[in-house]
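The structure under discussion appears below in the form of structure tokens.
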Amino acid sequence: MEASTILPVLKKKLAFLSGGKDRRSGLILTIPLCTEQTSMEELSSTLDYLLSIPSEKCKARGFTVIVDGRKSQWNVVKTVVLMLQVILVSANKLTRYIEPCQLTDEFGGSLQYDHMDWVNKRLVFEKFTKESTSLLDELAVINENEKASQPDKASRPSDSNALPSFDPETVLQTGHELLSELQQRRFNGSEGGGGGGGTAWSPMDDELLAQPQVMKLLDSLREQYTKYQEVCRQRSKRSQLEEIQTKVMQVVNWLEGPGTEQLRTQWGIGDSIRASQALLLKHEEIESQHSEWFAVYVELNQQMAALLSAGDDEDLLELKALQQQLSDVCYRQASQLEFRQNVLQSAHDFHGTAQDLSQQLDGLLGMLCADVAPADGAAIQQTLKHLEEKLKSVEGALQSLREKGQVLLEQISNQSSWFYGKDMQIENKENIDHIHSIMEDMQLRKQRCEDMVDVRRLKMLQMVQLFKCEEDASQAVEWLGELLDALLKTHIRLGDDSQEAKVLLEKHRKFVDVAQSTYDYGRQLLQATVVLCQSLRCTTRSSGDTLPRLNRVWKQFTVTADERQHRLDMASTFHTAADRVLKEGSEPGELLDVEVFEEVETVGKALLDRLTIPVIFPDGSEQFFGSPGDMASSAENIRDRMKLVEDKRLQQEEAEQLQEEVALEAGPDES
């Protein structure tokens with residue numbers, strides 16, 4: 001009988017074993033009759049259950065039955081007493097037979113007893129006993145079946161993966177908790193205590209064999225569960241191995257089937273950067289599909305590595321064979337994907353470089369076909385520099401194209417027939433011819449551009465020379481104008497004597513020679529511009545106003561230089577005559593001819609008159625030498641010398657007159 005079958009009756013507490021003992025160490029059975037009518041059938045069932053709990057040894061010591069009829073009717077008490085055949089005593093005489101510490105509080109004792117707690121503990125104990133016993137039987141059967149099927153793994157019965165009805169972990173946990181409770185307190189919940197007469201108290205759970213029984217069941221469970229865990233481990237390993245075998249074949253079948261077929265259909269390299277980009281995108285899709293299977297391969301490889309580290313010899317051989325087969329297929333397929341990726345990337349780089357080079361050649365050709373109309377030589381130099389840079393960039397791009405084309409050709413040549421499982425010679429020939437065609441076409445276009453660059457370079461250098469000639473011719477006009485300006489503004493002095501006048505004449509001749517050289521240089525430059533314009537066929541260009549300006553300034557200069565030459569000649573004549581008067585006439589008694597004085601006066605007056613006359617240019621414009629102050633200073637210098645000469649003439653006349661007077665006076669005396 002189990003407590004669970006009569007649980008409602010047990011909860012009524014019609015009778016109970018409190019755990020107390022009489023003086024003979026017999027168990028105390030208490031029957032608390034209440035005011036309500038007690039069912040003899042229920043009481044009988046309760047007593048049958050309670051009396052089935054103690055061991056035979058404990059039963060042999062007998063029981064002391066306490067019938068508490070203080071709250072019940074006498075006829076009920078009488079019936080129970082007669083049924084049990086017990087001695088009827090009053091409550092205050094119980095201590096004659098039972099120590100107070102073995103009596104519960106309703107009989108004046110100190111023994112603590114919680115009936116519901118006892119019922120709950122009893123339910124747990126019986127549940128654990130039932131489940132553990134059933135579990136032990138099931139585990140023993142499972143373990144024996146597994147052991148019997150070990151020699152022939154291929155003929156395992158279909159129920160070889162049978163599972164126990166109860167979770168072993170849960171049952172073990174329940175047993176450990178129950179054992180812990182039994183070890184800490186008595187099974188019925190009392191705290192224990194000393195017996196009368198100094199006799200040591202014997203715990204109830206030992207008497208009822210609860211703790212030893214639980215410990216024995218736990219030991220048996222642990223033993224069978226350990227074996228069962230090994231069985232589960234072997235089952236799991238077998239299941240995992242079978243699952244791995246299935247997945248390995250799935251990976252291998254896909255890679256050698258659809259995966260390889262995808263690569264067989266991809267062999268071209270495209271004819272442009274857009275086409276190669278499309279092929280790269282398609283290849284990325286193929287790689288994405290392969291990546292999913294490669295991820296499965298990585299997971300399977302890890303699982304197989306874990307099994308290899310803990311498997312037996314037979315499993316090791318099978319696993320190693322699977323692992324090697326899977327690795328060979330995956331690495332071969334990955335190598336093919338990587339090779340195809342490298343070829344497509346090289347083709348993309350090659351077509352990209354070809355497109356860039358084509359655009360550069362188009363731009364260079366556009367520059368070469370455009371009309372050259374630079375503003376000046378600096379602009380031509382800048383354009384020429386830009387052209388050279390463009391050509392250099394084209395040469396670099398062509399070299400890069402050759403290098404990338406060579407890399408692509410080498411990759412394609414290494415693409416043997418085994419790669420895609422078919423003959424690649426026809427497809428490779430198309431790709432190789434396409435690569436050579438692009439490189440040859442770019443080389444021809446580049447050569448044509450180089451030839452055009454050479455022609456354009458020569459033309460632009462001639463234009464640079466043309467602009468330089470025009471610039472230098474304009475510079476010659478400016479220099480000649482500066483010489484004219486200097487002649488008019490700074491070449492003013494006429495000298496203080498004949499020596500200085502000669503020096504000024506010499507400087508003037510040299511000055512005129514410089515101007516003549518400048519004019520001749522300008523004329524030569526203008527003649528060169530005419531020749532260059534004819535060579536360049538620049539019908540719209542000519543010397544412009546440079547030649548008229550050059551001729552105009554030169555005529556002005558020659559007129560001015562002639563006037564300056566004439567004035568210096570007059571000044572030289574004037575100073576020479578004046579010096580002769582002032583020097584030769586300084587000796588005592590020396591007399592000069594009158595013509596000398598007259599020459600000084602005539603040339604001096606003519607020179608003074610000349611200083612007041614402006615230079616008249618061919619266009620009718622007039623220009624004076626220097627400022628009015630400068631002319632006044634020069635005129636004053638001439639007048640001063642003329643005055644000195646005049647004074648000398650007067651002195652000579654006085655001397656002559658004095659000589660005449662002396663001669664007249666001497667004449668009469670002689671006569």
Side-chain angles (χ1 to χ4, degrees), residues 1-7 10 53 114 116-151 153 156-189 203-206 208-247 299-300 302-312 315 319:
M1 183 182 296
E2 296 180 357
S4 58
T5 60
I6 59 169
L7 182 60
L10 286 177
I53 294 176
D114 185 341
M116 292 309 299
D117 181 67
W118 181 88
V119 171
N120 291 334
K121 293 291 191 304
R122 190 64 193 177
L123 288 172
V124 172
F125 171 74
E126 291 182 355
K127 181 176 182 292
F128 168 72
T129 303
K130 180 180 179 181
E131 290 181 354
S132 60
T133 302
S134 175
L135 182 60
L136 280 171
D137 294 339
E138 292 178 359
L139 291 179
V141 171
I142 293 174
N143 293 339
E144 286 300 321
N145 290 339
E146 182 68 21
K147 183 177 180 180
S149 64
Q150 282 294 327
K153 296 182 180 180
R156 289 190 180 96
S158 59
D159 60 346
S160 61
N161 292 333
L163 298 176
S165 302
F166 303 100
D167 178 25
E169 292 285 348
T170 303
V171 175
L172 282 171
Q173 183 179 359
T174 302
H176 284 299
E177 292 175 354
L178 178 60
L179 180 61
S180 177
E181 182 70 21
L182 292 174
Q183 290 173 343
Q184 291 179 6
R185 51 184 296 188
R186 293 191 309 174
F187 181 75
N188 64 351
M204 179 183 178
D205 51 358
D206 285 341
L208 301 182
L209 297 179
Q211 182 174 336
Q213 187 175 356
V214 172
M215 293 177 64
K216 182 178 180 180
L217 287 172
L218 285 174
D219 291 341
S220 299
L221 272 178
R222 278 193 290 266
E223 180 182 359
Q224 289 297 328
Y225 183 52
T226 301
K227 295 179 180 179
Y228 175 71
Q229 284 179 318
E230 178 62 22
V231 169
C232 291
R233 191 184 69 82
Q234 293 296 332
R235 286 180 180 178
S236 176
K237 187 172 68 173
R238 287 198 306 270
S239 175
Q240 191 175 7
L241 183 58
E242 292 172 358
E243 183 181 359
I244 288 175
Q245 289 175 334
T246 301
K247 290 184 177 180
E299 181 181 355
L300 289 174
Q302 293 174 349
Q303 294 176 2
M304 287 187 287
L307 291 176
L308 285 172
S309 63
D312 53 32
D315 293 335
L319 279 173

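- When all heavy atoms are compared, the tightest approach of Gly175 to Val214 is O-CG1, 3.8 Å.
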| message | Would Ser165 and Leu135 count as a side-chain contact (heavy atoms from CB on, under 4.5 Å) here? Give the steps. | response | CA-CA 7 Å; Ser165 302; Leu135 182 60; over 6 Å; no

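- The two atoms that bring Leu172 and Leu221 nearest to each other are CD2-CB, 3.7 Å, heavy atoms only.
- Taking NZ of Lys216 as the start and OG1 of Thr129 as the end, the distance is 12.0 Å to the nearest 0.5 Å.
- Considering every non-hydrogen atom in both Ala3 and Leu123, the closest pair reads CB-CD2, 3.7 Å.
- Shown here for Glu138 and Phe166, the closest heavy-atom pair between the two residues is OE1-N, 4.3 Å.
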task = Decide side-chain contact (heavy atoms from CB on, under 4.5 Å) for Leu139 and Lys227; before the verdict, give the C-alpha distance in whole Å, the side-chain angles of both, and the deciding distance to 0.1 Å.
result = CA-CA 8 Å; Leu139 291 179; Lys227 295 179 180 179; over 6 Å; no

**Chi angles and distances behind the side-chain contact (heavy atoms from CB on, under 4.5 Å) call for Tyr225, Asn143** = CA-CA 9 Å; Tyr225 183 52; Asn143 293 339; over 6 Å; no

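- A donor-acceptor pair under 3.5 Å is absent between the side-chain atoms of Ser134 and the main chain of Lys130, judged by distance alone.
- From Gln213, atom CD reaches atom CG of Leu178 across 10.0 Å, with rounding to the nearest 0.5 Å.
- For Asp219 and Arg222, the salt-bridge test passes: some basic side-chain N is under 4.0 Å from an acidic carboxylate O.
- Looking at heavy atoms from C-beta onward, Leu179 lies out of side-chain contact with Phe128 at the 4.5 angstrom threshold.
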Requested in this report: Assess whether side-chain contact (heavy atoms from CB on, under 4.5 Å) is satisfied between Arg235 and Ile142, documenting all intermediate values.
Outcome: CA-CA 12 Å; Arg235 286 180 180 178; Ile142 293 174; 3.3 Å; yes

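- In this structure, Gln303 CD and Ile244 CD1 are separated by 4.5 Å, a value rounded to the nearest 0.5 Å.
- Taking OG1 from Thr174 and CD from Glu169, the interatomic distance works out to 11.0 Å, rounded to the nearest 0.5 Å.
- In summary, Arg122 and Glu126 engage in a salt bridge, as defined by a charged side-chain N under 4.0 Å from a carboxylate O.
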